[in-house]
Amino acid sequence: MKTVTRPYIIVFVTQTIDGRIGFRGKRTLLSSYRDLERMHYLRRNVDAVMVGANTVLIDDPILAPKPLGATRKRPYRVIIDGNLAIPSSAKVLDTRILPTIIFTSSKFVGTPKAKELYKNGIILEFLRPLDETNRIDLDEALEVLYRKYRVGKVLVQGGGKLIGELVIKGLVDEMIVSLSPKIIGLNGTPLINIELDRIIELKLESIQVDHMTGEVVLVYRAV
Ligand SMILES: NC(=O)c1ccc[n+]([C@@H]2O[C@H](COP(=O)([O-])OP(=O)(O)OC[C@H]3O[C@@H](n4cnc5c(N)ncnc54)[C@H](OP(=O)(O)O)[C@@H]3O)[C@@H](O)[C@H]2O)c1
């Protein structure tokens, strides 16, 4: 039997009929209040909520479950930010609400930005970059979360690049896609925002139709 060395990964994302998750570079509200309820339910039941750096740069989310008091869990907010690019003013960096971990390249150890973040209570995990663009190994980041922070379940909430990378590496256990009855066209970011060289197949587990909002919630599992 294979030893478990990483958390269980759930992706939750709201996409349009045409497979987009928001206008490029612009905060776009696709979720209905019912969809947000679904999202907060999931956030209340995981140990960490994770996003990619662009999602922080574009949406500036707080990434906290609501209501916060409704759960004993206090999920870490985790940002994958190889270039340590998110601004110090980002809402997710307010650690009075919940702890925040940034995974970034070891190139930034001891830089003024890293020191400032550390002073503000942010947990920085430096990983050796895989290339010159400061890509970090997501397997390694997940293993650190699992072993060092005892994170057993992660909710990944986007964006398309991070989801794409996790999918291609076979790191997604469950994918919940809320299909919103909207269309935003080619200037939208795709759900999988990277190139793939093969077809990835998941197994459909359930379909739930929300007749109040017109959303269809599709739950897939890894094959
Ligand atoms: N509809 C929804 O449910 C939903 C949810 C969340 C986000 N969104 C939308 O998604 C869009 C953002 O998605 P996106 O695809 O542009 O970006 P993203 O996945 O949020 O972030 C991608 C960036 O994160 C960093 N990153 C990701 N993986 C990394 C790795 N392995 N190593 C190092 N750094 C890594 C990279 O930063 P560098 O480029 O600096 O290397 C990368 O460009 C926004 O428009 C947002 O509104 C929608």
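Atoms within a ligand are numbered from 1 in the order they appear, just like the ligands themselves. Since the structure is predicted, the reported quantities are computational estimates derived from the model, not experimental observations.
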Quiz: residues 101-108 side-chain donor-acceptor pairs under 3.5 angstrom, not counting sequence neighbours:
from, atom 1, to, atom 2, distance (Å)
Thr104, OG1, Asp81, O, 2.7
Thr104, OG1, Gly82, O, 3.1
Ser105, OG, Lys107, N, 3.0
Ser105, OG, Asn134, OD1, 3.1

Table of N or O contacts for ligand 1, cutoff 3.5 Å:
from, atom 1, to, atom 2, distance (Å)
ligand 1, 1 (N), Thr14, O, 2.8
ligand 1, 1 (N), Ile21, O, 3.0
ligand 1, 3 (O), Thr14, N, 3.0
ligand 1, 13 (O), Gly160, N, 3.4
ligand 1, 15 (O), Gly160, N, 3.0
ligand 1, 15 (O), Lys161, N, 2.7
ligand 1, 15 (O), Asn193, ND2, 2.9
ligand 1, 16 (O), Asn54, ND2, 3.1
ligand 1, 17 (O), Asn54, ND2, 3.4
ligand 1, 19 (O), Gly159, N, 3.1
ligand 1, 19 (O), Gly159, O, 3.4
ligand 1, 19 (O), Lys161, N, 3.2
ligand 1, 19 (O), Leu162, N, 2.9
ligand 1, 20 (O), Thr55, N, 3.0
ligand 1, 20 (O), Thr55, OG1, 2.6
ligand 1, 20 (O), Gly159, N, 2.9
ligand 1, 21 (O), Asn54, N, 3.2
ligand 1, 24 (O), Ala53, N, 3.1
ligand 1, 28 (N), Arg135, NH2, 3.2
ligand 1, 28 (N), Glu165, OE2, 3.4
ligand 1, 31 (N), Ile136, O, 3.0
ligand 1, 31 (N), Glu165, OE1, 3.1
ligand 1, 31 (N), Glu165, OE2, 3.4
ligand 1, 32 (N), Ile136, N, 2.8
ligand 1, 34 (N), Gly82, N, 3.2
ligand 1, 40 (O), Asn83, ND2, 3.0
ligand 1, 41 (O), Asn83, ND2, 3.1
ligand 1, 47 (O), Asp59, OD1, 2.8
ligand 1, 47 (O), Asp59, OD2, 2.9

- Message: Tell me whether Asp139 is salt-bridged to Arg6, with the criterion being a basic N under 4.0 Å from an acidic carboxylate O.
- Response: no
- Output yes when Asp47 and Lys153 qualify as a salt bridge under the 4.0 Å nitrogen-oxygen rule, no when they do not. no
Solution key, residues 51-65 side-chain donor-acceptor pairs under 3.5 Å, sequence neighbours excluded:
from, atom 1, to, atom 2, distance (Å)
Thr55, OG1, Gly159, N, 3.0
Asp60, OD1, Lys91, N, 2.8

- Message: Taking Leu98's backbone N and O only, do any of them form a donor-acceptor pair with Thr95's side chain (distance below 3.5 Å, no angle check)?
- Response: no
- Task: With sequence neighbours left out, write down each residue that passes side chain to side chain donor-acceptor pair (under 3.5 Å) with Gln157, or none if nothing qualifies.
- Result: Arg43
